[in-house]
2 protein chains.
Amino acid sequence: MAAVDLTTHPGHLARRLQQAHYLLWNTMVSEEITSPQFAVLNALVAEPGLDQRTVGERVGLDRSTIAEVISRLGRRGLLDKVRDPQDGRRFLLRLTDDGVRTHRKLTVRTARMNQVFLAPLSDDEQSRFFELIRRVADAAEGLRNPAEPLVSPR
Amino acid sequence: MAAVDLTTHPGHLARRLQQAHYLLWNTMVSEEITSPQFAVLNALVAEPGLDQRTVGERVGLDRSTIAEVISRLGRRGLLDKVRDPQDGRRFLLRLTDDGVRTHRKLTVRTARMNQVFLAPLSDDEQSRFFELIRRVADAAEGLRNPAEPLVSPR
DNA sequence: CTGGAATACTCAGTGCACTGAGCAACGGAG
DNA sequence: CTCCGTTGCTCAGTGCACTGAGTATTCCAG
């Protein structure tokens, strides 16, 4: 006894949602490029020349994970990594032509997949869905990210 | 140009939601036991003596992942694994006293964490949140799981 | 009762995700 | 100009998650 109903546990639901998405992505979008990899390509289409850390911030990946994702994309020739002449710590990232092409192709497929994925919801429900998830995720991020206070932090 | 807004991509939102949850779990519930591990404990509290595959089904993990999770829980002495005398392929799983105690302790903390996690939403919004996610996840699962048809499949 | 399909599990390989520790480059205070 | 703290990145270690291939057991058809 004393077992709990996991369908009211947001963490469990989030995991199942992501698994479902992973599966659909693999069948409808690409088996080569994963969703986080696409997010990185997308960030670099929007802002070419970003450094590694900032890309990580944009797509929500920590320093270690983003390093691996980027190294994989680099190995496949989808992006270039150049040391910043202004700041020898940074690597500046830029998509190759192949990277841009890949991003364009996946954008179309991703849109199709999202449509299928969200088909069980009406348009109204879809916006609510986005909004609710975003609010929960943002709030939780704020909890661990002290979000520099307006007055002196120390 | 042609970059896409990831905040309307359910996959990206799901990933961010799970990350936020992971963080909160680590600080508010446990650094030793992860959320999937708790799900397995919970399944075995509800139905002691399940086999590995069925536990995986209950919590939504594939054969390989469930094997690893269970081996970790076994190493920590939270569950026992016995060959089924009726069917030599199966392992029957059962929590140890320590496993039951751990589950009880985490149940309380998990409830507290869920409350904090969902605090940005009103009660009404919380049920809508659950329902929307569940519907999308269930539908996507149904897509790849042909869900044995009523008439002969072949 | 025997041979083959189905089932439960294992193993190897890939990829995401985080932490903690370490290194090198930068940049400001003295 | 020299310390020293901060910052960008790497590396090692742990854990989740999936696929494809392989082993052993069971079960059913003939």
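In what follows, every heavy atom counts, from backbone to side chain, and hydrogens, waters and symmetry copies are set aside. Reminder, nothing fancy here: chain letters follow the sequence lines and each chain counts from 1.
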Categorize B:Asp51 for me: base, sugar-phosphate, or nothing, with a 4.0 angstrom heavy-atom threshold over every strand shown. sugar-phosphate
N/O donor-acceptor pair under 3.5 Å between A:Glu125 side chain and A:Ser122 backbone: yes
Please answer whether the main-chain N or O of B:Leu50 pairs with a side-chain N or O of B:Thr54 as donor and acceptor at a distance below 3.5 Å. no
CG of A:Leu50 versus P of D:dC9: gap in Å, rounded? 11 Å
So, does A:Arg135 use its side chain to make a donor-acceptor pair with the main chain of B:Pro120 at under 3.5 Å? yes
Do any N or O atoms from the side chain of A:Gln126 and from the backbone of A:Leu121 form a donor-acceptor pair under 3.5 angstrom? yes
To the nearest angstrom, how far is B:Arg53 atom CZ from C:dA6 atom P? 15 Å
Do B:Arg90 and B:Gln52 come within less than 4.5 Å of each other through their side chains, counting heavy atoms only? no
I want to confirm an ordering. Mapping B:Gln18 and B:Arg83 to their closest nucleotides on DNA chain D, which one lands closer to the 5' end? B:Gln18
Shortest non-hydrogen pair, B:Arg134 vs A:Thr7, comes out as NH2-O, 3.6 Å
Pick the nucleotide of DNA chain C nearest each of A:Asp87 and A:Glu68; which residue has the one closer to the 5' end? A:Glu68
Evaluate the criterion side-chain contact (heavy atoms from CB on, under 4.5 Å) for residue pair B:Glu32 and B:Thr102; output intermediate values, then yes/no. CA-CA 11 Å; B:Glu32 322 267 295; B:Thr102 301; over 6 Å; no
With the side chain counted from C-beta on, respond yes when A:Arg104 and A:Val100 share a heavy-atom pair under 4.5 Å apart, and no when they do not. yes
Across all chains, not counting sequence neighbours, the side chain to side chain contact (heavy atoms under 4.5 Å, CB included) partners of B:Lys105 are B:Arg109
Between B:Glu141 (CD) and D:dC18 (P), how many Å, whole number? 10 Å
Reading 5' to 3' through nucleotides 19-24 of chain C, protein heavy-atom contacts under 4.0 Å coded B for base, S for sugar-phosphate only, - for none: BBB---
Return the residues of residues 71-80 of chain B meeting this criterion: a heavy atom under 4.0 Å from some atom of DNA chain C. Order them by number, or give none. none
What's the verdict on side-chain contact (heavy atoms from CB on, under 4.5 Å) for B:Val59 and B:Ile66, showing C-alpha distance, side-chain angles and the deciding distance? CA-CA 9 Å; B:Val59 303; B:Ile66 198 68; 4.2 Å; yes
Contact check, residues 34-44 of chain A vs DNA chain D, heavy-atom distance under 4.0 Å, returns none
Check whether any side-chain heavy atom of B:Leu92 lies under 4.5 Å from a side-chain heavy atom of B:Arg83, and answer yes or no. no
Rounding to a whole Å, what distance do you find between A:Leu92:CG and D:dC9:C1'? 13 Å
Without decimals, in angstroms, what is the distance between B:His21 NE2 and C:dC18 C1'? 15 Å
Among residues two or more places apart or on two chains, list those pairs meeting ring-ring contact (aromatic ring centres under 6.0 Å, His included) that have a residue in residues 108-128 of chain B. B:His21-B:Phe117
Between the protein and nucleotides 2-4 of chain C, which nitrogen or oxygen pairs come in under 3.5 angstrom?
none

Rounded to the nearest Å, what distance is computed from the CD1 atom of residue A:Ile33 to the P atom of nucleotide C:dT14? 16 Å
Report yes if at least one side-chain N or O of A:Gln19 is closer than 4.0 Å to OP1 or OP2 of D:dC16; otherwise report no. no
Backbone of A:Ile33 reached by a side-chain donor or acceptor of A:Trp25 within 3.5 Å: yes
Nearest 0.5 Å, please: how far is CG in B:Leu17 from CG in A:Leu13? 9.0 Å
Are OP1 or OP2 of C:dA8 and a side-chain N or O of B:Lys81 less than 4.0 angstrom apart? no
To the nearest angstrom, the CD1-C1' distance between A:Ile70 and D:dT10 comes to 13 Å
Would you kindly give the CG-to-C1' distance between A:Leu61 and D:dG8, to the nearest whole Å? 16 Å
